[in-house]
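What follows is a single structure, written as structure tokens, with notes after it.
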Number of protein chains: 2
Amino acid sequence: MADVAAMAGVSAMTVSRVLRDPNCVTPETLRRIEAAIDATGYVPNRIAGSLASRRTDIVGLIVPSLRNSLFAETIKGVSDILGSEHHLMIADSGYTLKGEEVAIRAFLGQRICGIILHNTKHSPRSRVMLQEAGIPCIETGNLIRQPIDMTVGFSNHDAACTMTEHLLGRGYRHIGFVSLPTKDNDRAAERKAGYLTALARAGVSANPALVLESPPGLKSGGQALVRLVETAPEVDAVFLSGDVLATGALLEANRRGWDVPGRIAIAGSDDNELQECVSPPLTTLRFPRYEIGRRAAGMLLDRLSGRSTGPAILDLGYEIIERSST
Amino acid sequence: MADVAAMAGVSAMTVSRVLRDPNCVTPETLRRIEAAIDATGYVPNRIAGSLASRRTDIVGLIVPSLRNSLFAETIKGVSDILGSEHHLMIADSGYTLKGEEVAIRAFLGQRICGIILHNTKHSPRSRVMLQEAGIPCIETGNLIRQPIDMTVGFSNHDAACTMTEHLLGRGYRHIGFVSLPTKDNDRAAERKAGYLTALARAGVSANPALVLESPPGLKSGGQALVRLVETAPEVDAVFLSGDVLATGALLEANRRGWDVPGRIAIAGSDDNELQECVSPPLTTLRFPRYEIGRRAAGMLLDRLSGRSTGPAILDLGYEIIERSST
DNA sequence: AGTCGCCACGTTAGCGCGAACGTAATACAG
DNA sequence: CTGTATTACGTTCGCGCTAACGTGGCGACT
């Protein structure tokens, strides 16, 4: 920076100012400084700037998995809103609370200016670190009542409940439920609870044989369907609540020639283009994942710029998309 | 850090040393320092550390889109190899060279210790900045002969050529080709070139009516198929080389009752579980995207640790997965 | 004319850490 | 016992920048 300042005939301080606000100097000075920056190929050292100002423009984001396209939607939403003023540091927790804690510690070491978590369940140490860090923290995903700071998401419980009620409304009485493993996964656990709530409200007794947990994946969804039909032949509908499980189940039903929804109705979650294009198109829940990313980033920026203070809980809801698979 | 040092009865320097190498002090000193860190909740300031040491442990990664699950594979590969010693800063270029340049400039300002690009075509300024930055730079994706520094990927040209030759070998002579828009996308352009190479080698004249560009998406793939069949009814096979285009085309063929491969054969690229689960399962190209991420990160770490020097070009190849859609 | 305020810019003093170097204490050979 | 090596730790200084405050020059008031 000293080089640039010397070449432009000003002090380093003026160069520093120009980099943050080009309009705070006379046009002539600005021109000389910009010319000097161009000539030297100077790239400001944000490390030094961050140390001196005790601020960074880095937002930390922790997702359970970088591979899952569901989370990619949220990441994209965050990235689109952050813009060029802020940078994004991403880590994955590997779906574990310990992994999340490690990532949080690393991020705090980098003195990130805010953090977005794709999880609302945390280790005690994680909670303490975040509370004491004094930075905005947004938890996204499953809505909770007591966020560390702010949260944006939807109710997995209510969504699963609504879908189950939809199936009940269509006259199905032996409704299977398949979810991802509920351990350490508050979202999956909430959905199972929602399913059970709907059955209870309708006075339909829950049949444990109709409830399965299944790893993620298309094949896994197909296997779950087959297992349900074989062990509980009375099953007349199934709600597969995780990722692509429902699509896998539908494709498997097609292969085996099982009529959908004649033999068995299939409902899914996390609507995407694929679920609309298969035959028959799938009834699914649609979650505003991209919007969650955008709003989370927006809440973070509002807090950083002082436009908002205090905690916030934002429910973006969900939609049920009724198609011909149910 | 001064607090911790005072509490442990040592100098700040000793604390600093312990944080980098716990074994460089006596066990008793280590114990006292660790106890003090625990008691104070001290989180080392990596910003200050980076400024003093003029190094960071942040790796920059630029992908065309954060939303696309193809890139998610590579991101995951990078993330898995980097481990907890290095951190990942991610930006998307929005598929534009200008976007990439902006991200590169921002990353260099953060003094990243290395960079991985998911693109092998860059703006002139980008190339200059990267060459002068003096950090390891890995270009992934389409293999090129003159990398800025190092590259790992596969030949899109050869892959598309192989797939086209596969179709020719099955006796198809009116082979359509659909790709993503080739502008600013070296990968799509290379694939189109590979398709044309295979036709030329086989002495089959290329028919411009059989070559389409199409935006990404399942529906878009279906539309491309329909357009091809309607405008050039003699078409007997089609190779859709982008993302989920082929799956969309197959689902559309199913809906319209067109026999695959009887009426028209369909081949795709970027194999995934979905393409195996549809009926009929799709013949596709399989690219080692996860492995590319792993190897790219590995090459970066090797360079940083001094285990390797100089440029490198790593071809991870591709596979053709022959299934019943062709 | 005085002075008040404002603008454009300079000066000073760190931010929290690590590289380089220094020092004291112990080990061991000759 | 001296000399040298080695280990364990301390001191000094500066990384490149910015917050806070200082200064001089100019126009607009009373």
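Because only heavy atoms are used, hydrogens play no part in the values below, and waters and symmetry mates are left out as well, while side chains stay in. First the proteins, then the strands, lettered A, B, ... as listed; each starts at 1.
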*Nearest whole angstrom, please: distance from the P of D:dT18 to the CG of A:D21.*
13 Å
*Where the side chain of A:R20 is concerned, which of D:dT18, C:dG18, C:dC9 is the nearest nucleotide?*
D:dT18
*Look at the side chain of A:A52 and decide which nucleotide, out of C:dA8, D:dC9, D:dT18, has an atom nearest to it.*
D:dT18
*After noting the C-alpha distance and the side-chain angles of A:S65 and A:R67, does the key distance pass the side chain to side chain donor-acceptor pair (under 3.5 Å) rule?*
CA-CA 5 Å; A:S65 163; A:R67 212 168 192 166; over 6 Å; no
*Check whether any side-chain nitrogen or oxygen of A:Y42 sits under 4.0 Å from OP1 or OP2 of D:dC17, and answer yes or no.*
yes
*Please give, in whole Å, the distance from C:dC7 P to A:N23 CG?*
14 Å
*Figure out the CZ/P separation between B:R55 and C:dA20, and round it to whole Å.*
11 Å
*Can you check the A:R32 CZ to C:dA8 P distance for me, whole Å?*
14 Å
*From D:dG10, D:dT18, C:dC15, pick the nucleotide closest to the side chain of B:S11?*
D:dG10
*Quickly work out the A:E28 CD to C:dC9 C1' distance and round it to whole Å.*
14 Å
*Are the side chain of A:S123 and the backbone N or O of A:L97 linked by a donor-acceptor pair below 3.5 Å?*
no
*What integer distance in Å separates A:L30:CG from C:dC7:P?*
18 Å
*Within the distance-only criterion (no hydrogens, no angle test), does the side chain of A:T74 pair as donor or acceptor with the backbone N or O of A:R289 below 3.5 angstrom?*
yes
*Can you tell me how far C1' of C:dC15 sits from CG of A:L51, to the nearest Å?*
4 Å
*Heavy atoms under 4.0 Å, any strand shown: does B:R111 hit a base, just sugar-phosphate, or nothing?*
nothing
_Listed nucleotide nearest any side-chain atom of B:A48, set D:dA19, C:dG16, C:dG18_ = C:dG16
*Are A:N156 and A:F154 side-chain neighbours, meaning at least one heavy-atom pair lies under 4.5 Å?*
yes
*Report the nucleotide, chosen from D:dG10, C:dC9, D:dC17, that has the shortest atom-to-atom distance to any side-chain atom of A:T14.*
C:dC9
_Any side-chain to backbone donor/acceptor pair from A:S50 onto A:T56? Under 3.5 Å, distance only._
no
*Would you say a side-chain N or O of A:S53 is under 4.0 Å from OP1 or OP2 of C:dC15?*
no
_Taking the nucleotide of DNA chain C with the nearest heavy atom to each, does A:T29 or B:L19 sit closer to the 5' end?_
A:T29
*What nucleotide, of D:dC9, C:dG18, D:dT18, holds the atom closest to the side chain of A:M13?*
D:dT18
_What I want to check is whether an N or O donor and acceptor connect the side chain of B:R17 with the base of D:dG10 at under 3.5 Å._
yes
*B:I47 CD1 to C:dG16 C1', straight-line distance once rounded to whole Å*: 11 Å
